[in-house]
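Written below as structure tokens is the structure these notes are about.
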Amino acid sequence: MAEKQEFVREITPRSVDFAQWYTDVILKADLVDYAPVRGCMVMKPYGNRIWELIQADMDGRFKETGHENVAMPLLIPESLLLKEAQHIEGFAPEVAWVTHGGDEKLPERLAIRPTSETLFCAMYAKWIKSWRDLPMLYNQWCSVMRWEKSTRPFLRTAEFWWQEGHTMHATAQEAQEETMRMLGVYQAHSEEVLAMPVITGRKSDKEKFAGARATYGMESMMQDGKSLQAATSHNFGTNFSEVFDVKYLDKDGALKYAHETSWGSSTRLIGGLIMTHSDDRGLVLPPRVAPIQIVVLPIAMHKEGVLDKARAVAAELEAAGLRVKLDERDTQSAGWKFNEWEMRGVPIRMEIGPRDIEAGVATVCRRDTLEKLTLPLQGVAQAASLLLGDIQSAMFQRAAAFRDGRLSVARDMDGLMRGVQEGFVRTMWCGERACEDRVKAETSATSRVMPFDQTPVNDCCAVCGAPARNVIYWAKAY
RNA sequence: CGAGGUGUAGCGCAGUUUGGUAGCGCGUUUGGUUCGGGACCAAAAGGUCGCAGGUUCAAAUCCUGUCACCUCGACCA
């Protein structure tokens, strides 16, 4: 028995080596594989399905808030990318270039998009003429490429899949409202769907997006206490509009620059999901993004009536709109299947065996707590739906409690240094870059966000002691 | 990009110090017994030892280079 338990833990325990644990989980759960291209990943069907479920939910939220999807080209002419100085300065080191068409050298290099602000702006300059054209609210789902030096599946890959929303507005106020609205959409999605609690706020100038006037982000704490930037929402003001000449004729007859926003989230969310919820047995998926919500396992399948009953139960669950897998393989033992589906994070395992059938119940095991219970077969779909709802909210509660337990408040550098060893630290900050650089040098932590709740801790910067301007969160980050 | 580590059967590894017939476990295939937490027995298939050079009668093993992956730093969604 002891040996069997060891065998289950082919996955390195989190407490021993978090990074190795992370890699083990995604490979054992069959989410991705490494590609022949350096730094690139292949999303396998199971991992890709999670992304599809994330996309479906998020895309619905984008449409509810008035956005439409477009498809922009993969390539950006060098001259276009170079237009906004700060922007290209931020991205230049990691741009991949197309230099040839067939054997012929191109007259101008083409960048493989690292992000599409420049393309959108070039098009917006053509499309926007009048105040009647605004706001223009577009989004695209695509992949982008950033030639990263060190990569890890989902967290940082050379090519990654994402959505990027790009909008143009008549006024600064509308642009700011849009920036906040989309940050709110990300937060709601993360907390309601991914069961991943986040802290939102504004980024310091140091951490801000290249070319933006203000960047807002949401940060989530992983089980090693490090922070993952899970999404960002930027207000560009008229920075790009002035460079790309995006102007409209306003009601008052004056020609004005449009105010721009952009916001993005990526397959990195899946990495966050894994590092938030999973355990030493493998993946734990929140029901709302689980490709399989319930796996039905016929037990002692060779016995009369078991398989028929299991099929009937699976069909009933499916008819209720649940994502169900009936595992009828006769090549694997029941115990083997238990472990496999646990490793792959299926929220509910439902066993249908001779004893269950006789008692009119199903034996059920929930993945988040590994707790076993029985559900009456009468009305099983409804009970299962309720249980999935419980699991979803319990996972959020648990993650939030974990996060709160590792969140500290500090008034000085000592407290800050101690705090970032564990998780997030809330302090006052004077607003100076020098203090951020000092924290980075001494603790390897960075400023994450200045939260919207600015209730002061005290009145002086925790780093330098000068009069404080903001409340800010610090953490080591991915 | 700096420091360290690892590349040997589908997967996990031993063998490398001291050069001399390519090994083990899991998985796979076939047959049988099992079947409520990774079952058991028997037989079988499966390898250009990451790649390229070099040294040698002989290289998985020694030397040089190179690529990939993993960890820790520096940079970023």
Side-chain angles (χ1 to χ4, degrees), chain A residues 1 3-10 12 16-24 27-28 30 33-41 90-95 114-115 143-164 186 203 206-210 215 217-220 227-234 262-272 281-282 297-303 306 329-343 349 351-359 362-363 365 370 372 374 440-441 444 446 476-478:
Chain A
M1 190 49 125
E3 274 177 28
K4 280 183 179 174
Q5 281 176 359
E6 282 307 307
F7 188 42
V8 171
R9 269 188 244 112
E10 285 174 84
T12 306
V16 173
D17 185 344
F18 193 80
Q20 187 60 51
W21 166 84
Y22 174 79
T23 308
D24 288 348
L27 293 178
K28 295 281 177 193
D30 208 25
D33 201 353
Y34 294 99
V37 189
R38 190 209 71 109
C40 292
M41 66 172 173
F91 281 104
E94 50 193 44
V95 171
T115 178
S143 70
V144 291
M145 175 157 276
R146 298 180 189 177
W147 210 255
E148 300 285 355
K149 284 161 186 132
S150 71
T151 59
R152 302 178 67 187
F154 293 124
L155 299 178
R156 172 158 299 107
T157 47
E159 182 184 12
F160 59 93
W161 291 268
W162 79 342
Q163 58 68 219
E164 46 179 331
Y186 287 138
K203 293 265 169 189
K206 183 182 176 186
E207 299 290 325
K208 167 179 97 167
F209 183 83
T215 289
M218 75 181 188
E219 300 281 323
S220 185
S227 184
L228 185 77
Q229 178 172 303
T232 47
S233 185
H234 316 287
S262 86
W263 24 277
S265 67
S266 71
T267 38
R268 174 181 266 194
L269 287 171
I270 299 174
R281 285 171 173 256
L297 298 187
I299 302 294
M301 272 194 301
H302 56 287
K303 297 220 170 127
V306 169
R329 286 176 297 176
D330 58 4
T331 48
Q332 315 293 356
S333 70
W336 197 95
K337 292 178 184 176
F338 290 179
N339 284 291
E340 183 183 31
W341 293 116
E342 273 168 15
M343 212 147 59
R349 178 181 78 235
E351 302 165 28
I352 306 286
R355 294 207 291 271
D356 298 302
I357 294 168
E358 198 178 336
T363 301
C365 180
L370 296 170
K372 283 189 186 178
T374 55
K440 173 85 185 182
S444 88
T446 51
K476 294 184 182 177
Y478 275 95

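Proteins get letters first, then strands, A, B, ... in listed order; numbering begins at 1 in each.
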In whole angstrom, give me the gap between the C1' atoms of B:G23 and B:U64.
29 Å
Using the C1' atom as the reference point in each nucleotide, state the distance between B:U48 and B:G38 in Å, no decimals.
35 Å
If you restrict it to nitrogen or oxygen atoms, what contacts under 3.5 Å exist between nucleotides 1-6 of chain B and the protein, and what is each distance?
none

Could you list, one pair per line, each protein nitrogen or oxygen that sits under 3.5 Å from a nitrogen or oxygen of nucleotides 27-36 of chain B, together with the distance?
residue : atom : partner  : partner atom : Å
B:C35   : N3   : A:His302 : ND1          : 3.3
B:G36   : O6   : A:Gly353 : O            : 3.3
B:G36   : O6   : A:Pro354 : N            : 2.9
B:G36   : O6   : A:Arg355 : N            : 2.5
B:G36   : O6   : A:Asp356 : N            : 3.2
B:G36   : N1   : A:Asp356 : OD2          : 2.5
B:G36   : N2   : A:Glu351 : OE1          : 2.9
B:G36   : N2   : A:Asp356 : OD2          : 2.9
B:G36   : N2   : A:Thr363 : OG1          : 3.3

Give one of base, sugar-phosphate or nothing for [X], where a contact means two heavy atoms less than 4.0 Å apart.
{"X": "A:Tyr34", "answer": "sugar-phosphate"}
{"X": "A:Leu297", "answer": "nothing"}
{"X": "A:Lys372", "answer": "base"}

Run the ring pair (Phe, Tyr, Trp, His ring centres under 6.0 Å) test against A:Trp263 and tell me which residues pass, sequence neighbours left out.
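If we apply the ring pair (Phe, Tyr, Trp, His ring centres under 6.0 Å) test to A:Trp263, skipping adjacent residues, the hits are A:Phe62, A:His67.
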Could you list the residues that satisfy side chain to side chain donor-acceptor pair (under 3.5 Å) with A:Glu148, not counting sequence neighbours?
none
What residues form a side chain to side chain donor-acceptor pair (under 3.5 Å) with A:Glu207, not counting sequence neighbours?
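Checked A:Glu207 against side chain to side chain donor-acceptor pair (under 3.5 Å); zero matches.
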Mapping A:Gln229 and A:Asp17 onto RNA chain B by nearest heavy atom, which one lands closer to the 5' end?
A:Asp17
Start at the 5' end of RNA chain B and walk down; is the nucleotide closest to A:Lys476 or to A:Glu340 reached first?
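With A:Lys476 and A:Glu340 compared, the 5'-side residue is A:Glu340.
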List every contact pair, protein side and nucleotides 12-14 of chain B side both N or O, where the distance is under 3.5 Å.
none

